[in-house]
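Reckoned from all heavy atoms, side chains included, excluding hydrogens, waters and symmetry mates. Index from 1, following the sequence.
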Amino acid sequence: MRRFAIRPAPSPADAPGVIETRLENGTPVCLRRVDRGDEQRIREGIARMSPHSRYMRFFSGATTPPDWVIDRLLDADGDKHLAWGAIDMSRNEHPAIGAVHAFREEEDRELAEFSVAILDDWHGLGLGKILTATLLLEAQSEGIARFAMNTLAENRSAIAFARLLGGQRTGSDGTVVTYELTVDEALERLREADDPPGIAHVFEAFGAV
């Protein structure tokens, strides 16, 4: 079995508030924590996703999720809910192009439910890996050791991503499958792959080089 080096988790006080990097096509992006002021960006971003992508992410193709879903995505307190968003800095309106979330389990504070969503036009440019590395690093500093990822059984790309991060299948109801991964191993896999190049800026920002 392959062994992964465990590096000290960065201190929450030292965690960056904003990270600037670039996607594989050179697009400059800004990564920052999601807050209540992002409601309009989130609503517009979800509306711009294709029905297929919305179905894969929210298990529904509705153009706009219920208000309680939006409220849950915005309610990031840095403890029970960690959330980062990516903004396209090449456009004047600076639209949101992706987001990643971790919801900590009340009964097991070392476990959090993980999800990531990327707008269709930015698929395949490394944004998912960049956002995931950012969330993993903050989760590590907050004492979260494991992520659980629920995805539709037909979502092959999400399943492949979970496996890329070292995820192991832990359950299924026939429609939704669950993968669990360890934060340290997932980070080490992303660090060693060093792909996309922009992911290096994330590790540097957290002092985890």
Side-chain angles (χ1 to χ4, degrees), residues 17-19 21 23 25 27-106 111-136 138-139 144 147-162 171-179:
V18 173
I19 302 172
T21 188
L23 303 183
N25 66 352
T27 299
V29 295
C30 171
L31 312 177
R32 64 170 178 78
R33 291 179 180 83
V34 173
D35 60 39
R36 286 285 176 182
D38 292 316
E39 179 175 358
Q40 189 61 30
R41 273 197 173 107
I42 287 179
R43 289 186 180 277
E44 291 176 352
I46 292 174
R48 288 164 55 204
M49 294 172 72
S50 68
H52 177 74
S53 291
R54 283 195 297 271
Y55 173 65
M56 291 297 179
R57 169 60 182 87
F58 298 104
F59 304 173
S60 168
T63 303
T64 304
D67 286 343
W68 70 266
V69 172
I70 300 295
D71 186 67
R72 187 169 188 250
L73 294 175
L74 291 168
D75 190 23
D77 62 0
D79 177 39
K80 296 179 181 178
H81 177 195
L82 312 180
W84 285 76
I87 297 172
D88 180 359
M89 301 303 292
S90 70
R91 302 191 180 191
N92 292 332
E93 65 272 27
H94 294 165
I97 58 176
V100 66
H101 298 262
F103 297 92
R104 198 194 295 257
E105 296 290 335
E106 292 185 7
L111 175 66
E113 180 185 346
F114 161 76
S115 66
V116 60
I118 307 298
L119 269 65
D120 295 66
D121 289 345
W122 283 268
H123 285 183
L125 298 177
L127 182 56
K129 292 178 181 178
I130 287 172
L131 278 171
T132 298
T134 305
L135 187 68
L136 285 166
E138 182 169 47
I144 297 173
F147 276 179
M149 181 177 175
N150 297 309
T151 185
L152 292 170
E154 62 194 271
N155 193 340
R156 295 182 179 179
S157 62
I159 290 173
F161 188 52
S172 173
D173 65 2
T175 300
V176 177
V177 293
T178 301
Y179 282 80

Check your understanding: Side chain of Arg104, backbone of Asp79: donor and acceptor closer than 3.5 Å?
Key -> yes

**Study point:** Lys/Arg-Asp/Glu bridge criterion (N-O < 4.0 Å) met for Arg41, Asp35
**Key:** no

**Study point:** Partners meeting side chain to side chain donor-acceptor pair (under 3.5 Å) with Asn25 (sequence neighbours left out)
**Key:** Thr27

Exercise for review: Kindly give the heavy-atom pair with the smallest separation between Val177 and Ala153, and that separation in Å.
Suggested key: CG1-CB, 4.1 Å

Review point. Quick one: ring-ring contact (aromatic ring centres under 6.0 Å, His included) partners of Phe114, sequence neighbours excluded?
Key: Phe147

Check your understanding: Is His123 reaching over with its side chain to a backbone N or O of Ile118, donor-acceptor style, under 3.5 angstrom?
Key -> yes

**Study point:** side chain to side chain contact (heavy atoms under 4.5 Å, CB included) assessment of Leu152 paired with Val176
**Key:** CA-CA 4 Å; Leu152 292 170; Val176 177; 4.2 Å; yes

Check your understanding: To the nearest 0.5 Å, how far apart are CD1 in Ile19 and CZ in Arg33?
Key -> 8.0 Å

Review point. Salt bridge or not for Lys80 and Asp77, using N-O below 4.0 Å?
Key: no

Point to revise | Taking every non-hydrogen atom, the tightest pair across Ala96 and Leu119 | key: O-CD2, 3.7 Å

Review point. Among all residues two or more places apart in sequence or in another chain, which pass the salt bridge (Lys or Arg N to Asp or Glu O under 4.0 Å) test with Asp121?
Key: none

Exercise for review: Taking all heavy atoms of Leu31 and all of Ala86, pick out the closest pair and write down the distance.
Suggested key: CD2-CB, 3.7 Å

Point to revise | With Glu113 via side chain to side chain donor-acceptor pair (under 3.5 Å) - residues at least two apart | key: none

Review point. So how far is it from Trp84 CH2 to Thr134 OG1, rounded to the nearest 0.5 Å?
Key: 6.0 Å

Practice item. Check Arg36 against Asp71 and note the closest heavy-atom contact, atom names and distance. Key: NH1-OD1, 2.7 Å

Review point. Just by distance, do the side chain of His94 and the backbone of Ile87 share a donor-acceptor pair under 3.5 Å?
Key: no

Check your understanding: Going by heavy atoms in the side chains, are Val34 and Leu73 under 4.5 Å from each other?
Key -> no

Check your understanding: About how many Å separate NE2 of His101 and CZ of Arg72, when rounded to the nearest 0.5 Å?
Key -> 9.5 Å

Practice item. Determine whether more than 12 heavy atoms belonging to other residues, nucleotides or ligands lie under 6.0 Å from atom CD of Glu93. Key: yes

Revision key, fill the gap. For Val100 and Leu131 the tightest heavy-atom approach is CG1-O, 3.5 Å

Review point. Of all heavy-atom pairs between Ala162 and Met149, which one has the smallest distance, and what is that distance?
Key: CB-SD, 3.7 Å

Point to revise | side chain to side chain contact (heavy atoms under 4.5 Å, CB included) between Leu82 and Ile144, worked out | key: CA-CA 11 Å; Leu82 312 180; Ile144 297 173; 3.9 Å; yes

Point to revise | Pairwise distance CG(Asn155) to CG(Asn150) - rounded to 0.5 angstrom | key: 12.0 Å

Review point. Step by step, would you call Ile70 with Ile42 a side chain to side chain contact (heavy atoms under 4.5 Å, CB included)?
Key: CA-CA 8 Å; Ile70 300 295; Ile42 287 179; 4.2 Å; yes

Point to revise | Derivation and outcome, side chain to side chain contact (heavy atoms under 4.5 Å, CB included), residues Thr132 and Phe161 | key: CA-CA 10 Å; Thr132 298; Phe161 188 52; 3.5 Å; yes

Study note, to complete from the structure: Taken to the nearest 0.5 Å, the spacing of Leu74 CG from Glu39 CD works out to 5.5 Å

Pair up each side-chain donor or acceptor in residues 51-59 with any protein partner under 3.5 Å, not counting sequence neighbours, and list the distances.
from  : atom 1 : to     : atom 2 : distance (Å)
Ser53 : OG     : Ser50  : OG     : 3.2
Ser53 : OG     : Asp120 : OD1    : 3.2
Ser53 : OG     : Asp120 : OD2    : 2.8
Arg54 : NE     : Gly61  : O      : 3.4
Arg54 : NE     : Ala62  : O      : 3.0
Arg54 : NH1    : Ile46  : O      : 3.1
Arg54 : NH1    : Ala47  : O      : 3.3
Arg54 : NH1    : Met49  : O      : 2.3
Tyr55 : OH     : Glu154 : OE2    : 3.4
Arg57 : NH2    : Ser115 : OG     : 3.1

Exercise for review: Taking side chain to side chain donor-acceptor pair (under 3.5 Å) as the test, write out the residues that go with Asp38, two or more places apart.
Suggested key: Arg32

